[in-house]
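Worth knowing before you read on, the calculation uses all heavy atoms, side chains too, and leaves out hydrogens, waters and symmetry mates.
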Amino acid sequence: MNGAEALIESLRRENVRHMFGYAGATICPAADALSSVNDISYTLVRTEQNAGHMASGYARITGKPGVCMVTSGPGATNLLTGIATAYMDSIPMVAITGQVPSGLLGRDIFQEVDVTGAAAPFTKHSYLVKDANEIPRIVKEAFHIASTGRPGPVLIDIPIDIQEQEIKNFIYPEEVRIRGYKPSVKGHDLQIKRVTEAIMKADKPLICAGGGVWLSDAKQELLTLAERCQIPVVKTMMGLALMPSDHPLNMGMIGSHGNRCANKALARADLLIMIGCRAADRTIISPSEIQRRMDIIHIDVDPAEIGKNMRAAVPLVGDIKIILNQLLEKDLTSRGLESWRSELRELRRAEVSRIFPRKENYIFPGALLKTLGQKLNDDAIVCVDVGQNQIFTCKYLPQKNGRLLTSGGLGTMGYSLPAAVGAKIAAPDKQVIVICGDGSFQMSMNELAAIRAANLDIKMILFRNQTLGLVHQIQRAAPYHVPFGVSLDGSPDYAAIAAAYGIPSFTASDENVLEITLDRFLNAEGPCLFISETDPEIKTTD
């Protein structure tokens with residue numbers, strides 16, 4: 001057995017069932033070994049960045065590390081954006097890169113790049129393999145690091161001669177022992193007591209739930225805590241789908257692009273319970289003001305996040321699922337918070353029942369999204385891109401009991417379509433929807449080939465406004481003078497592009513026939529594209 005075969009066998013031992021990648025000379029031994037196994041399937045991406053995004057979508061739905069594999073040089077550097085995107089959103093991933101022969105490292109030979117050095121700021125850990133006999137241990141450690149504590153990407157860089165090296169004896173380790181790496185899991189009992197006391201004392205408590213709840217698989221525990229204590233809940237963008245939109249305790253998305261009701265709830269609360277969120281700039285606009293007006297409980301698996309952006313009166317480090325179960329063991333009951341909930345319900349009711357503006361020959365995104373949400377399956381997976389389309393979707397798409405996947409931390413355009421490929425492969429029986437703008441669609445529309453090759457039933461909604469909408473919106477306000485460098489002149493005929501891949505499409509510019517057109521789109525067999533004509537002058541505040 002050589003190093004490449006040891007790599008693939010190690011992946012099998014980790015129950016890897018699918019990989020995303022793009023082959024090249026320095027990863028050919030591993031690709032050859034992969035071709036001889038039957039229990040790991042493979043998706044060929046059309047550019048390496050999307051291998052990372054597909055692995056991300058796959059990981060977020062399965063809860064297991066996604067795996068991607070590319071070649072050295074530009075293959076590895078192209079993948080860096082996919083790795084960084086996963087890192088910023090704490091997505092478990094194992095990225096494998098080929099490398100030039102180990103004896104030639106540092107000589108700047110063809111397609112050599114120091115990818116472990118380049119990726120160091122946005123990986124949990126990285127390995128440059130120097131001995132094929134170490135591959136089983138390295139793979140075991142990589143999966144453990146990627147999936148424990150605060151999840152994230154781990155990079156394994158393997159020179160081609162190490163892939164070809166014969167190993168003495170393949171032994172896959174049963175346990176992982178890494179000195180100095182022991183993430184906190186259980187919450188400290190004294191802090192649990194302090195959290196309980198703070199909740200019981202507060203008159204206007206508010207839960208802010210983020211993506212860490214998903215990563216810990218603690219959705220049900222969150223719902224149980226909120227319902228038992230009758231505490232209203234706001235969410236970050238990454239935690240948006242944790243509660244159905246019509247749940248009486250759901251106050252919407254918080255932050256600079258959030259719902260008015262959610263932000264009003266934060267302004268009026270006297271206790272903020274942050275669960276699995278970072279308090280980043282888009283979420284908490286004025287941390288100092290929040291700290292001045294209320295006590296803060298911050299629950300997170302990563303101690304580095306607590307106090308980084310906002311000081312916590314009660315910090316609590318550990319796995320969110322375990323901590324929430326610890327809290328649920330305490331005597332926490334409703335404390336007569338009806339007036340607090342009633343105050344927020346009126347705000348929420350006005351928000352969800354709003355009438356959207358109309359303009360001839362265009363469809364307002366909110367109108368489309370509200371209609372779409374009513375028609376989606378209860379457990380649908382929605383992959384939304386970055387820009388105006390992301391903000392409109394987070395504000396106006398009704399959530400049920402599915403998932404909403406987006407690039408929240410890095411804000412990577414082009415994320416939604418490849419992430420949907422990974423999500424659909426992870427959950428082939430679930431409805432998968434892409435929502436993007438024409439700028440982000442052009443960054444990843446080459447992956448229509450991957451969709452077509454696997455005949456994946458993915459429905460894609462494209463807001464066509466012929467501009468980079470959010471930047472166009474920003475440039476129309478002071479201190480800027482005019483929109484510049486945002487016009488998407490020269491864009492292709494998207495219907496023709498889809499047709500070239502054998503994918504049908506529908507175009508809508510009249511809200512009077514929107515519902516009928518959406519029905520035809522959603523009921524189409526296989527992948528389909530829906531093009532919604534969108535006013536380029538629209539703002540996310542409209």
Side-chain angles (χ1 to χ4, degrees), residues 56 60 85-91 150-152 205-219 221-223 225-226 231-245 247 249-267 269 271-287 290-291 294 296-302 304-310 312 316 320-321 323-324 344 348 351 382-387 390-397 399 402-412 415 419 540:
S56 170
R60 294 172 76 168
T85 302
Y87 181 78
M88 290 292 286
D89 289 335
S90 305
I91 308 303
R150 180 178 182 172
L206 182 70
I207 291 173
C208 179
V213 180
W214 282 118
L215 295 168
S216 185
D217 189 26
K219 174 184 176 180
E221 287 79 5
L222 172 73
L223 289 171
L225 177 67
I231 301 176
V233 180
V234 297
K235 286 93 54 197
T236 67
M237 184 178 288
M238 300 304 292
L240 193 61
L242 286 166
M243 295 180 79
S245 294
H247 193 288
L249 295 174
N250 184 358
M251 298 300 124
M253 185 180 78
I254 200 172
S256 56
H257 297 295
N259 300 101
R260 180 172 178 268
C261 177
N263 289 326
K264 285 284 187 181
L266 178 61
L271 175 68
L272 179 62
I273 308 163
M274 296 172 53
I275 306 177
C277 53
R278 296 178 297 166
D281 59 316
R282 268 191 166 192
T283 302
I284 305 293
I285 302 170
S286 179
I290 299 299
Q291 290 173 179
M294 69 188 72
I296 298 165
I297 296 169
H298 196 168
I299 304 171
D300 203 286
V301 73
D302 186 357
E305 285 300 335
I306 297 178
K308 185 170 77 175
N309 294 314
M310 194 158 58
L316 185 50
I320 290 170
K321 189 180 187 77
I323 286 177
L324 292 182
L344 297 179
R348 182 67 169 162
E351 191 167 60
V382 177
C383 301
V384 61
D385 225 282
V386 172
Q390 181 188 56
I391 297 166
F392 281 125
T393 301
C394 291
K395 290 176 70 170
Y396 300 127
L397 179 70
Q399 302 298 318
R403 291 293 302 271
L404 188 143
L405 309 185
T406 192
S407 171
L410 196 62
T412 306
Y415 175 82
T540 55

Colleague: So, does Asn250 use its side chain to make a donor-acceptor pair with the main chain of Pro244 at under 3.5 Å?
Modeller: yes

Colleague: Val382 versus Leu405: any side-chain heavy-atom pair under 4.5 Å?
Modeller: no

Colleague: Please find the pair of heavy atoms, one from Ala419 and one from Cys383, that lie closest to each other, and give the distance.
Modeller: C-SG, 4.1 Å

Colleague: How far does CG of Leu272 sit from CE of Met310, to the nearest 0.5 angstrom?
Modeller: 5.5 Å

Colleague: Would you give the length of the straight line joining atom OH of Tyr415 to atom OG of Ser56, rounded to the nearest 0.5 angstrom?
Modeller: 3.0 Å

Colleague: Determine yes or no for a side-chain-to-main-chain donor-acceptor pair under 3.5 angstrom, with Ser216 supplying the side chain and Lys321 the backbone.
Modeller: yes

Colleague: For the atom pair CD1 (Ile320) and CG (Leu215), what is the distance rounded to the nearest 0.5 Å?
Modeller: 8.0 Å

Colleague: Would you kindly say whether Thr406 and Gln390 are connected by a side-chain donor-acceptor distance under 3.5 Å?
Modeller: yes

Colleague: Is there a donor-acceptor pair under 3.5 Å between the side chain of Asn259 and the backbone N or O of Cys261?
Modeller: no

Colleague: Taking all atoms of both residues into account, what is the closest heavy-atom pair of Leu222 and Leu324, and its distance?
Modeller: N-CD1, 3.7 Å

Colleague: In terms of heavy-atom contacts, does NZ of Lys264 have more than 12 from other residues, nucleotides or ligands at under 6.0 Å?
Modeller: no

Colleague: First locate atom CE of Met274, then atom CD1 of Ile296, and finally report the distance between them rounded to the nearest 0.5 Å.
Modeller: 7.0 Å

Colleague: To the nearest 0.5 Å, tell me how far Leu316 CG sits from Ile297 CD1.
Modeller: 8.5 Å

Colleague: Taking all atoms of both residues into account, what is the closest heavy-atom pair of Arg60 and Leu404, and its distance?
Modeller: NH2-O, 4.1 Å

Colleague: Quick one: closest heavy-atom pair of Gly210 and Leu242, and the distance?
Modeller: O-CD1, 3.7 Å

Colleague: So do the side chains of Lys219 and Trp214 get within less than 4.5 Å of each other, counting heavy atoms only?
Modeller: yes

Colleague: Can you confirm whether Arg278 sits close enough to Met88 that some side-chain heavy atom of one is under 4.5 Å from a side-chain heavy atom of the other?
Modeller: yes

Colleague: Can you check whether Ser245 reaches Arg348 side chain to side chain, under 4.5 Å on heavy atoms?
Modeller: yes

Colleague: How many angstroms lie between atom NZ of Lys235 and atom CE of Met243, to the nearest 0.5 angstrom?
Modeller: 6.5 Å

Colleague: Shortest non-hydrogen contact from Gly211 to Thr236?
Modeller: N-OG1, 4.0 Å

Colleague: If you apply the rule side-chain contact (heavy atoms from CB on, under 4.5 Å), what do you find for Val234 with Met253, and how did you get there?
Modeller: CA-CA 6 Å; Val234 297; Met253 185 180 78; over 6 Å; no

Colleague: What are the two closest non-hydrogen atoms of Val233 and Ala209, and how far apart are they?
Modeller: CG1-CB, 4.5 Å

Colleague: Do Ile207 and Ile275 come within less than 4.5 Å of each other through their side chains, counting heavy atoms only?
Modeller: yes

Colleague: Is the closest side-chain heavy-atom distance between Asn263 and Ile254 below 4.5 Å?
Modeller: yes

Colleague: Answer yes or no: does atom CZ of Arg150 have more than 12 heavy-atom neighbours from other residues, nucleotides or ligands under 6.0 Å?
Modeller: yes

Colleague: Test your reading of the model: is there a side-chain donor-acceptor pair from His298 to the backbone of Cys277, 3.5 Å cut-off?
Modeller: yes

Colleague: Would you say the side chains of Thr85 and Thr412 form a donor-acceptor pair under 3.5 Å?
Modeller: yes

Colleague: For Gly409, does its backbone N or O pair with a side-chain atom of Asp89 as donor and acceptor, under 3.5 Å?
Modeller: yes

